[in-house]
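What follows is a set of notes on a single structure, which appears directly below.
Order of the sequence lines sets the chain letters (A, B, ...), proteins ahead of strands, with each chain counted from 1. When reading the values below, keep in mind they use all heavy atoms of this one structure, side chains included, and skip hydrogens, waters and symmetry mates.
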Amino acid sequence: RQGAAAGAEMTGSNEFKLNQGPDDSISAVKFSPTTSQFLLVSSWDSTVRLYDVGGNSMRMKYQHLAPVLDCAFYDPTHAWSGGLDNQLKMHDLNTDQDTIVGTHDAPIRCVEYCPEVNVMVTGSWDMSVRLWDPRTPCNAGTFTQPEKVYTLSVAGDRLIVGTAGRRVLVWDLRNMGYVQQRRESSLKYQTRCIRAFPNKQGYVLSSIEGRVAVEYLDPSLEVQKKKYAFKCHRLKENGIELVYPVNAISFHSIHNTFATGGSDGFVNIWDPFNKKRLCQFHRYPTSIASLAFSNDGSLLAIASSYMQEQGDISHPADAIYIRQVTDAETKPK
Amino acid sequence: MAESEAEWELCKENIQPLRRGRAISALHQALQQQEGSSTALNQQKQAYETELRMYDGDDPLDVWDRYIKWTEQNYPQGGKESSLTILLERAVMKFTEEKKYHNDARYVDLWIRFAEGCLEPLDVYCYMQAQGIGTMQASFYIAWSEEYEKRGNSRMADSIFQDGLKCGAEPLDKLQQFHKALQARVCRQMMAAVVDKEKVDDEPQEPQRISLVELKAKGKKKAAVPINRVAGSIGFARGLQCTQPLGPVKNSRLMIYDENKEHFDPQEPKVESWMAPPSAKAKENEQRPDKWTNAKLPQKSRFGHTVVVPPPKPNFQPFVEESDQPPAVTPCKINPAVNTVLSARKPRREEQTPLKRLQERQHHMQLQQEDESKSGEKSMYCKELLFSGATEFSFEELRTERYRQKCIQRLEAGRSGRNSQEHSQSS
């Protein structure tokens with residue numbers, strides 16, 4: 001890895017910038033489920049790219065008809081993606097073959113895979129979540145949500161859906177006949193991102209106004225008492241507090257700690273059990289649009305990419321950084 | 001076609017009436033969509049929402065106006081999912097500072113519809129007048145006057161028209177026409193009341209039953225149904241052809257306006273005294289609460305003699321909020337959705353009427369700039385754009401619209417480029 005990264009632009013002793021990045025904003029970065037070698041990246045330039053992180057090179061890319069909003073690995077050799085063209089694509093990374101699996105009635109905002117139930121999940125602005133059988137592949141059901149879907153995450157066999165109007169719905173992927181829990185976000189402002197704890201106990205929800213909530217799935221009073229929220233991604237400038245959206249969350253699969261990325265360009269790592277911040281990295285050139293820990297928790301992919309939060313204005317170049325993280329940075333103390 | 005006509009016949013009780021009527025095609029469509037998915041509806045709604053945000057012409061009210069009209073037509077039941085009330089409130093608030101719209105017929109119309117949805121429309125009309133919104137529009141005075149008339153205050157209703165005429169509201173002939181109609185209605189009511197009174201004086205005063213009232217508008221001979229009813233169960237009739245208060249019920253507060261007796265102050269309309277008493281809506285079979293504590297069952301002690309129970313403490317268990325003492329909950333897997341722990345919805349402040357919000361907002365706007373420079377927070381994103389419509393938007397949705405516009409521009413540019421090429425080739 002060291003040798004490969006030598007040709008790359010190092011942005012720190014343990015961090016480098018990925019070559020051949022997308023031509024437009026980055027919408028999502030996802031590591032392969034089995035190795036920290038491969039990174040999938042979807043972009044507003046209508047492409048999905050596969051990077052060899054170790055070799056710091058692009059291995060493959062495929063096209064959508066319009067910008068891609070999210071992507072996910074089904075297995076190490078299959079990528080799924082969806083975006084503004086309403087199409088859900090499956091791409092075989094071995095043969096470089098495209099399959100259009102199905103469509104939504106509006107742009108697809110999120111794509112996730114649930115290994116427990118072996119099903120792909122998509123959420124869309126058409127106010128629905130659709131399930132897809134990845135083997136056939138075909139549609140396995142459409143489930144209406146009360147509002148446009150903005151984010152979703154899988155916790156074991158449960159699906160947590162965050163929609164417009166600050167709603168949170170918890171579905172049981174084994175029995176989609178009814179909504180298991182209907183919640184309201186405990187944060188006051190729009191939901192930006194939801195990610196489930198790897199231990200499946202709960203989830204973390206971030207809002208557009210510099211705040212993050214730690215929530216638990218068990219509805220019993222005792223467990224619910226443990227939930228909390230905190231402020232972050234705020235900068236003081238001339239006595240005014242600048243409040244930034246928190247766009248990205250990623251969990252460390254082993255330690256159950258998580259990283260958050262905000263439009264302030266900072267990445268923080270948090271210990272949810274001791275309610276402590278473990279570390280903060282240097283400031284990245286522009287908004288953090290997406291974050292991903294590798295499966296073994298050794299690498300963090302950081303997409304620094306302006307999301308037009310303040311309108312269509314000029315901004316620093318978009319880039320993906322790969323950072324080696326240590327236990328000191330990610331392990332609860 | 002016949003089928004679909006039958007269809008709207010079947011559910012017409014769920015269709016809210018509109019002043020301007022409904023387009024039958026929109027109605028059919030809306031009713032059909034209810035059963036199936038409402039994808040098309042949602043898409044159209046989203047399109048309007050984007051237009052609200054992306055509009056950069058000089059008549060932003062136009063988008064709101066079209067959006068609201070479309071909503072009215074396509075959500076015939078009204079209700080929450082139409083979000084009509086939110087839309088009206090937002091639209092109305094958005095342009096309070098825009099002087100150019102203050103006497104725009106569309107804007108005034110939005111205000112009137114907004115007022116009609118409020119609990120206290122009169123307050124809203126007063127506010128409008130104070131702000132100078134609609135003061136040159138006949139429709140404003142008509143709506144205001146109608147509100148007073150609805151409450152039976154025909155005197156104020158009339159004076160509103162006078163105001164309108166004084167201000168020279170447009171169109172004048174419409175205003176006059178409605179004014180005359182009001183006067184005619186009031187006259188007719190007066191006459192009816194007088195005739196009724198005379199007639200009632202002749203008749204023997206026996207309890208008589210008026211169900212659903214208004215058998216005849218002009219009080220001729222009424223179908224008197226002589227039914228002997230128990231004193232306690234007789235309600236009293238409403239309406240202007242009201243007979244004398246019957247039985248023991250005294251509704252001295254219900255008074256009929258008499259223009260010869262000008263004794264109450266026009267500045268404080270006694271609408272309340274009109275509204276309150278006949279609330280029983282002439283219900284039949286209603287039991288008057290009688291004294292039941294009289295019916296005493298002598299309590300006997302174990303020893304056989306009567307015990308007088310001292311009554312100071314209530315012998316029932318006072319109701320205690322469940323949350324105060326959590327009962328031992330048996331773990332229930334069937335429907336955890338009912339659990340209240342998860343719904344963090346705080347009880348809404350009830351006193352927040354739309355009008356209050358409006359005034360607060362104005363006050364807030366004044367303070368905002370000072371506020372921001374002081375200890376305030378500043379949101380580092382285009383908050384206005386995300387939340388300006390009836391539903392919220394995310395950055396990605398806004399960006400999608402920008403992307404689409406750029407695509408269209410590129411397409412058009414390409415087309416015109418090709419056209420000019422062809423043109424030059426042909427010449």
Side-chain angles (χ1 to χ4, degrees), chain A residues 25 27 44 66-67 69 84 105-107 109 125-128 142 144 147-148 150 164-166 168 170 178-186 189-192 208-210 215 218-221 223-225 234-235 237-245 247 262-264 307-312, chain B residues 37-43 45-47 49 80-81 83 323 326-327 329 331-346 371-387 389-407:
Chain A
S25 300
S27 52
W44 281 82
L69 294 182
L84 299 194
D105 298 324
R109 178 66 189 85
W125 294 336
D126 69 5
M127 305 193 194
S128 76
T142 299
T144 309
E147 272 279 6
K148 294 172 284 191
Y150 281 171
R166 299 170 43 251
V168 177
V170 181
Y178 63 93
V179 188
Q180 205 176 46
Q181 292 176 20
R182 282 172 208 278
R183 304 181 174 209
E184 191 175 42
S185 159
S186 28
Y189 297 95
Q190 187 178 95
T191 306
R192 281 297 287 161
I208 202 161
E209 295 237 343
E215 307 261 1
D218 185 342
S220 75
L221 260 174
V223 176
Q224 287 300 317
K225 263 186 205 155
R234 290 154 182 250
L235 298 176
E237 206 170 81
N238 302 328
I240 306 173
E241 192 165 46
L242 308 180
V243 184
Y244 292 90
N247 305 311
S263 289
D264 55 351
M307 314 173 78
Q308 301 198 351
E309 303 95 313
Q310 316 226 43
D312 194 358
Chain B
S37 65
S38 49
T39 309
L41 215 57
N42 284 336
Q43 274 171 354
K45 193 170 177 173
Q46 180 84 352
E49 289 277 337
K80 195 166 162 289
E81 54 274 16
S83 55
S323 54
V329 185
C332 138
K333 272 237 160 170
I334 302 156
N335 196 0
V338 195
N339 199 316
T340 50
V341 183
L342 300 173
S343 55
R345 191 186 292 273
K346 282 149 199 111
D371 218 49
E372 216 158 70
S373 60
K374 275 183 192 165
S375 63
E377 298 176 348
K378 193 177 169 204
S379 306
M380 298 305 282
Y381 61 93
C382 45
K383 201 169 183 175
E384 268 294 294
L385 284 177
L386 296 195
F387 300 107
T391 58
E392 63 180 13
F393 262 43
S394 59
F395 303 142
E396 288 78 13
E397 283 167 283
L398 279 179
R399 186 168 182 172
T400 299
E401 195 48 35
R402 287 188 200 117
Y403 170 81
R404 285 192 180 141
Q405 280 181 1
K406 266 185 197 162
C407 281

Does any non-hydrogen side-chain atom of [Y] lie less than 4.5 Å from one of [X]?
X	Y	value
A/Y189	B/S379	no
A/D312	B/Y403	no
A/K148	B/S394	no
A/V243	B/Y381	no

Would you mind checking which part of [X] comes under 4.5 Å of any heavy atom in chain A, side chain (CB onward), backbone (N, CA, C, O), both or neither?
X	value
B/L398	neither
B/K406	side chain
B/F387	side chain
B/E396	both

* Checking A/N247 against chain B: side chain, backbone, both or neither under 4.5 Å from a heavy atom? ->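 Contact with chain B is through the side chain of A/N247 alone.
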* Going by an N to O cut-off under 4.0 Å, is there a salt bridge joining B/E377 and A/R234? ->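 Between A/R234 and B/E377 there is a salt bridge, with a charged N closer than 4.0 Å to a carboxylate O.
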* To do: Verify side chain to side chain donor-acceptor pair (under 3.5 Å) between B/E397 and B/T400, making sure each step is shown before the conclusion.
  => CA-CA 5 Å; B/E397 283 167 283; B/T400 299; over 6 Å; no
* Determine yes or no for a side-chain-to-main-chain donor-acceptor pair under 3.5 angstrom, with A/R166 supplying the side chain and A/S185 the backbone. =>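 Such a contact is found between A/R166 side chain and A/S185 backbone.
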* To do: Could you tell me which of B/R404, B/K383, B/R399, B/E392 has the largest number of non-hydrogen atom pairs under 4.5 Å with chain A?
  =>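 Among B/R404, B/K383, B/R399, B/E392, the one with the most close pairs to chain A is B/R399.
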* Residue selection (most heavy-atom pairs with chain A, distance under 4.5 Å) from B/R402, B/Q46, B/M380 ->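 Looking at each option in turn, the highest pair count goes to B/M380.
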Can you tell which of [options] has the highest number of heavy-atom pairs within less than 4.5 Å of chain B?
options	result
A/L235, A/D126, A/I208	A/I208
A/R192, A/E147, A/R109, A/M307	A/R192
A/S263, A/P67, A/S128, A/G165	A/P67

